[in-house]
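Here's the structure we're looking at; comments come further down.
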There are 2 protein chains.
Amino acid sequence: MQNADLSIKKDDIDLFENLTDSEFLELKDLFHYKKYKKGAFIIAENDMVKHVYFIRSGLVKLSYFDDDNKEFILSFAQENWWETDFPAFYNQTKSSLTLQCIEDTETYGLSFDDYTAILDKHSLSKYFLEKSIKGHIANQNRILSLLKHKPKEQYEQFLQLYPSLLQRIPKSVLCLYLGISRETLSRLYKTR
Amino acid sequence: MQNADLSIKKDDIDLFENLTDSEFLELKDLFHYKKYKKGAFIIAENDMVKHVYFIRSGLVKLSYFDDDNKEFILSFAQENWWETDFPAFYNQTKSSLTLQCIEDTETYGLSFDDYTAILDKHSLSKYFLEKSIKGHIANQNRILSLLKHKPKEQYEQFLQLYPSLLQRIPKSVLCLYLGISRETLSRLYKTR
DNA sequence: ATGGACGTGTGACCGAAATCACTTTCTTAG
DNA sequence: CTAAGAAAGTGATTTCGGTCACACGTCCAT
């Protein structure tokens, strides 16, 4: 009924938190709402990657598929994270990764052109820098965990860092993120 | 003889490229030059991490040592990269990582306070964002490589991405980055 | 020049985790 | 409610890469 229900609100994206009302009004129309069903692809392989996506609700996985179609999960992204195939997004080329929903997911897409256009405004680059640093730290933890290649420790680190995600991600998917086989993962949490 | 030789120049750090002369003059004294010998620690374990370091010349490694004092290398940083123990830097706490020189290295240190103070000036946050995104993409490539855990592929990817580094890094150090043993690494490039 | 530290190559052995094959349990759509 | 498919558990087997042990070469520093 009310159009207001469909339009973006100031508290839909944490990016808007520090903006004045007029700054918010200036930017709000650049963020395009879209809803995806569980299993749907936000980015499919070889898509042109025109947007970076803010996850408003739900859970997605960013994956690479090798020549044998074996899947490797680069990251999970949940509420309040920005995700996309960054190499493809930045170079405006076709994706070599896929972004697929593990749950029903709501996103706000921001196009590359709009992204670059607004970066200089209202300390948005500072906002994205903070997000990026957080991601960098998370990635370093992940790398360290992978370097040790002790399945048990990896599982336990994941358990410790993201306890809530454990319930939302099937074990058969988690193992693609941890880099261990489904079977070893299955054997892990019973022998203890 | 000449003081000028000791003071920072505009082309010492790519950060200054897009600044006017007056903007440069305003900032230049915040960057503290320091020279390290090969093997020296820029950050030792449990140091307070007060600075982020711009590598002007040389090569460093960012490492974690586990309880058995086994070393894992999170990243190499060479010319024109910024490096530090980011979790410790951002929280201004003691480092759990070490930053050690593989070669004689020249750095410009920027303190946390100065860093936060100048972020809002002259689109510096945009500069750091770009650096951060590049790091993010590099990290994702690394993660993917580690997930596959095929020593051969990992070595070849490193070879492809950083051919010049291969000559500068001892094999016994490279293996700590690739997450494979010195012996398997040694056997790799002969069987082909 | 020589001895020690360091980096590297190589063989033998072993074990942890991948793979394969199958069963059981849990979901979900009709 | 039930059938079909997805997810998860489990045993048997194999294999890749780690560990151990030792040899060899090179580069400084005394």
Side-chain angles (χ1 to χ4, degrees), chain A residues 36-41 58-61 63-73 76 100-105 144-159 165-192, chain B residues 37-41 59-61 63 65-73 76 100-104 144-159 165-192:
Chain A
Y36 297 86
K37 288 265 171 221
K38 172 177 173 174
F41 286 88
L59 180 60
V60 300
K61 61 182 165 79
S63 304
Y64 172 81
F65 289 83
D66 73 7
D67 301 335
D68 303 333
N69 239 33
K70 198 178 163 189
E71 181 175 5
F72 303 89
I73 297 181
F76 298 115
Q100 189 182 12
C101 302
I102 295 178
E103 303 172 349
D104 289 1
T105 296
L144 187 53
S145 184
L146 285 167
L147 277 177
K148 294 185 189 163
H149 44 55
K150 301 275 181 214
K152 196 166 194 166
E153 286 184 36
Q154 264 176 259
Y155 174 71
E156 271 158 13
Q157 173 168 339
F158 187 86
L159 189 80
L165 276 189
L166 209 68
Q167 280 85 46
R168 298 166 70 182
I169 300 172
K171 301 278 182 289
S172 52
V173 170
L174 179 57
C175 66
L176 303 175
Y177 175 90
L178 295 177
I180 63 185
S181 75
R182 196 181 54 71
E183 292 91 334
T184 21
L185 178 58
S186 170
R187 279 158 185 141
L188 269 183
Y189 38 73
K190 37 203 307 275
T191 57
R192 46 165 249 112
Chain B
K37 289 264 170 221
K38 172 177 172 175
F41 286 89
L59 181 59
V60 299
K61 60 183 165 75
S63 304
F65 289 83
D66 72 6
D67 300 334
D68 303 332
N69 239 36
K70 199 177 164 190
E71 183 175 2
F72 302 89
I73 297 181
F76 297 116
Q100 187 183 13
C101 303
I102 295 178
E103 303 173 350
D104 290 359
L144 187 54
S145 183
L146 286 167
L147 276 178
K148 292 184 191 164
H149 43 55
K150 301 274 182 216
K152 195 166 194 163
E153 286 185 37
Q154 263 175 259
Y155 174 72
E156 272 158 12
Q157 172 167 341
F158 187 86
L159 190 80
L165 277 189
L166 210 67
Q167 281 82 45
R168 298 166 72 183
I169 300 173
K171 303 275 183 291
S172 51
V173 170
L174 179 57
C175 66
L176 303 175
Y177 175 90
L178 296 177
I180 64 185
S181 76
R182 194 182 54 74
E183 292 91 334
T184 12
L185 177 58
S186 169
R187 278 161 185 136
L188 268 183
Y189 38 71
K190 38 202 311 271
T191 56
R192 42 165 251 112

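Just so it is clear: chains get the letters A, B, ... in the order the sequence lines come, proteins before strands, and each one is counted from 1.
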**Request:** Quick one: label B/Thr184 by what it contacts on the DNA or RNA (base, sugar-phosphate, nothing), any heavy atom closer than 4.0 Å.
**Result:**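 Sugar-phosphate contact only.
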**Request:** Tell me what B/Ser181 touches on the nucleic acid: a base, only sugar-phosphate, or nothing, going by heavy atoms under 4.0 Å.
**Result:**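 Base, at least one base heavy atom under 4.0 Å.
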**Prompt:** Among the nucleotides D/dG18, C/dT10, C/dA18, which one has an atom lying closest to any side-chain atom of B/Ile180?
**Reply:**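 Nearest to the side chain of B/Ile180 among the choices is D/dG18.
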**Message:** Measuring from the side chain of A/Ser186 (C-beta onward, heavy atoms only), which nucleotide among C/dG11, D/dT10, D/dA7 has the closest atom?
**Reply:**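 Between C/dG11, D/dT10, D/dA7, the one nearest the side chain of A/Ser186 would be D/dT10.
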**Request:** Compare side-chain N and O positions of A/Tyr189 against OP1 and OP2 of D/dA8 and report whether any pair is under 4.0 Å apart.
**Result:**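 Negative; the distance criterion is not met.
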**Asked** Would one find a side-chain N or O of A/Lys38 under 4.0 angstrom from OP1 or OP2 of C/dT28?
**Response**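 Yes, A/Lys38 has a side-chain N/O under 4.0 Å of OP1/OP2 on C/dT28.
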**Request:** Identify the residue among A/Lys38, A/Arg168, A/Lys37 that makes a side chain to side chain donor-acceptor pair (under 3.5 Å) with A/Glu103.
**Result:**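 The side chain to side chain donor-acceptor pair (under 3.5 Å) with A/Glu103 is passed solely by A/Arg168 among A/Lys38, A/Arg168, A/Lys37.
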**Message:** Does the plane of the ring in B/Phe76 sit parallel, tilted or perpendicular to the ring in B/Phe158? Use 30° and 60° as the thresholds.
**Reply:**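 B/Phe76 and B/Phe158: perpendicular rings.
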Please report, rounded to the nearest Å, how far the [atom2] atom of [N] is from the [atom1] atom of [X].
X        : N      : atom1 : atom2 : value
B/Leu178 : D/dG18 : CG    : P     : 11 Å
A/Lys148 : D/dG18 : NZ    : P     : 17 Å
B/Leu185 : C/dT10 : CG    : C1'   : 14 Å
A/Arg187 : C/dT24 : CZ    : P     : 16 Å
A/Lys150 : C/dA16 : NZ    : P     : 9 Å
A/Lys171 : D/dT10 : NZ    : P     : 14 Å
A/Glu183 : C/dT23 : CD    : P     : 16 Å
A/Tyr155 : C/dA16 : OH    : P     : 20 Å

**Request:** Ignoring hydrogens and angles, answer whether the base of D/dG18 and the side-chain atoms of B/Arg182 contain a donor-acceptor pair closer than 3.5 Å.
**Result:**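 Check fails, no donor-acceptor contact within cut-off.
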**Item:** Any donor-acceptor N/O pair, B/Gln100 side chain to B/Lys61 backbone, under 3.5 Å
**Value:**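 Checked: no pair found.
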**Message:** If I take atom CG from residue B/Leu174 and atom CD from residue B/Gln154, how far apart are they, to the nearest 0.5 angstrom?
**Reply:**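 Spacing of CG (B/Leu174) from CD (B/Gln154) equals 10.0 Å.
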**Prompt:** So how far is it from A/Tyr36 OH to A/Asp104 CG, rounded to the nearest 0.5 Å?
**Reply:**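 A/Tyr36 OH to A/Asp104 CG: 13.0 Å, rounded to 0.5 Å.
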